[in-house]
Number of protein chains: 2
Amino acid sequence: MTSDDGAGQTRQEQKERTRQAILDAALELSQDHGFGQLSLRQVTRQAGIVPTAFYRHFASMDELGLALVEQSFNTLRRMIRDAQRDPQVFVSIIDSAADVLVRVVKDNKAHFAFVARERFSGQGVVRQAIRHELDLFVSDLAVVLARLPNIENWSSEDVHMVSSLFVRNMVSNAEQIVEMPENRPDLEEQIKDGARRQMRLIVLGFANWKST
Amino acid sequence: MTSDDGAGQTRQEQKERTRQAILDAALELSQDHGFGQLSLRQVTRQAGIVPTAFYRHFASMDELGLALVEQSFNTLRRMIRDAQRDPQVFVSIIDSAADVLVRVVKDNKAHFAFVARERFSGQGVVRQAIRHELDLFVSDLAVVLARLPNIENWSSEDVHMVSSLFVRNMVSNAEQIVEMPENRPDLEEQIKDGARRQMRLIVLGFANWKST
DNA sequence: ATATTCGGTGAACATTCGTACACTGAAAGC
DNA sequence: GCTTTCAGTGTACGAATGTTCACCGAATAT
């Protein structure tokens, strides 16, 4: 087995590299015209392989789409996991959430753009998968929120509703960031400020509404 | 000219009828796989004409898409125009807004679904047009809101922000309604109630936030 | 050293696509 | 009545698509 554990020369590593090339190609190309109107041949052309080689990695374009959904939401999951570890979050969840959101979305524009775009694309498998992942994300965020000082004694139903509102706004803001031109820190700050206000609005209004 | 002024026999009327058939065909077919991956030939097949006849009405699929955007937003404009005339709106804008929203969206599902789906489709002309129309809608709604008792002395900037929040939530709720299964009055009521709460949340939170 | 596995190749196919072109026939204009 | 206009037809073409199949050659297994 020659045990050459240096650079990726083994069969597995090479295959994984090509697989990733296909994923990258699909992600980049889908930015222009959407994943739905993406042809298998275009993807393989961009990935630098021959059309038929595609089938060595995915059985269909649908399967490719699902892999992209999974990869995109791994980014999201990493975000919430990091946020849970960050003590700053407990001090001022709203301010830091806005910062984190803008930073993470900017660093993973392609993935967020993919989710935003394909969330309502066809009635295909991809859309269904995104919907499911978003639901999971709402539940995850609800767990985090429930441990916050001002929220800890709310009913789980209420927490879930607020979490849902947060996620909805997060998606909406992510969409704005994705479409933001490059090198416009003023716009970025504006979006960040808007996000902060909206979140503050939600918790403030909700606390107020509950007390009546 | 046989002057048969019963059904539409004139040249103009017949042309308009075919044009509408194309629009209807595109609207229906785009429900399944999105407007982007819709071929000219599929549309004409569904409309009952030969492919080349398409060009008698639209120069390209893009132009067809723009016509669909216009038709869809005419529905929205009618909604806000009716709402302005309805005295009930001034009594309780939130409750009636939720009712109106659910009713109008249900009656024009195809159009709302089209907008929701294509809002993030390609980076094409259609998406740009939708974005523009939505901006216009925010401004229109801001005018209506500015005349409400509790809001009339807010700065126009603040009114615009609240209007933007309302529209964003409206779009989001419309998306939910569009995806709602038929004959589920319980779900419908749930969405309506959620919309009401969210709107109440926004105005309450915003008023509270302004006073600090 | 030899045999096997398997990621990638290249030619071939039946379909579908957008669009150009010449046409038809009935409504519209005179 | 005759002519013109023009929405819709039918054929035809090159280009692109998804998928098949036999094949290659280097990394693996024996």
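So you know, we letter chains A, B, ... as the sequences are listed, proteins then strands, and number each from 1.
- Rounded to whole Å, atom P of C:dC17 lies 11 Å from atom CE of B:M61.
- Here D:dT19 presents its P atom at 9 Å from CZ of A:F54, a figure rounded to the nearest Å.
- In this structure, B:R17 atom CZ and D:dG8 atom P are separated by 10 Å, rounded to whole Å.
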| query | Once each nucleotide of nucleotides 1-16 of chain C is scored for protein heavy atoms under 4.0 Å, what B/S/- sequence comes out, 5' to 3'? | reply | ----BBBBBB------
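- Between the A:Q46 side chain and the A:V43 main chain, no donor and acceptor come within less than 3.5 Å of each other.
- Defined by atom type and a distance below 3.5 Å, a donor-acceptor pair is present between the side-chain atoms of B:T18 and B:Q14.
- At distances below 3.5 Å, at least one donor-acceptor pair connects side-chain atoms of A:E118 with backbone N or O atoms of A:F35.
- For the pair A:E16 (side chain) and A:Q12 (backbone), a donor-acceptor distance under 3.5 Å is absent.
- In summary, A:E182 and A:K109 engage in a salt bridge, as defined by a charged side-chain N under 4.0 Å from a carboxylate O.
- Look at CD on B:Q20: it is 17 Å from C1' on D:dA7, rounded to the nearest Å.
- Per the geometry, CD belonging to B:Q12 stands 11 Å off P belonging to D:dC6, to the nearest Å.
- In this structure, CG of B:L40 is placed 16 Å from C1' of D:dA16, rounded to the nearest angstrom.
- The interatomic distance linking A:D62 (CG) with D:dG18 (P) rounds to 12 Å, in whole Å.
- In this structure, B:F58 places its CZ atom 15 Å from P of C:dG18, rounding to the nearest Å.
- Within 6.0 Å of CG in A:D186 there are more than 12 heavy atoms belonging to other residues, nucleotides or ligands.
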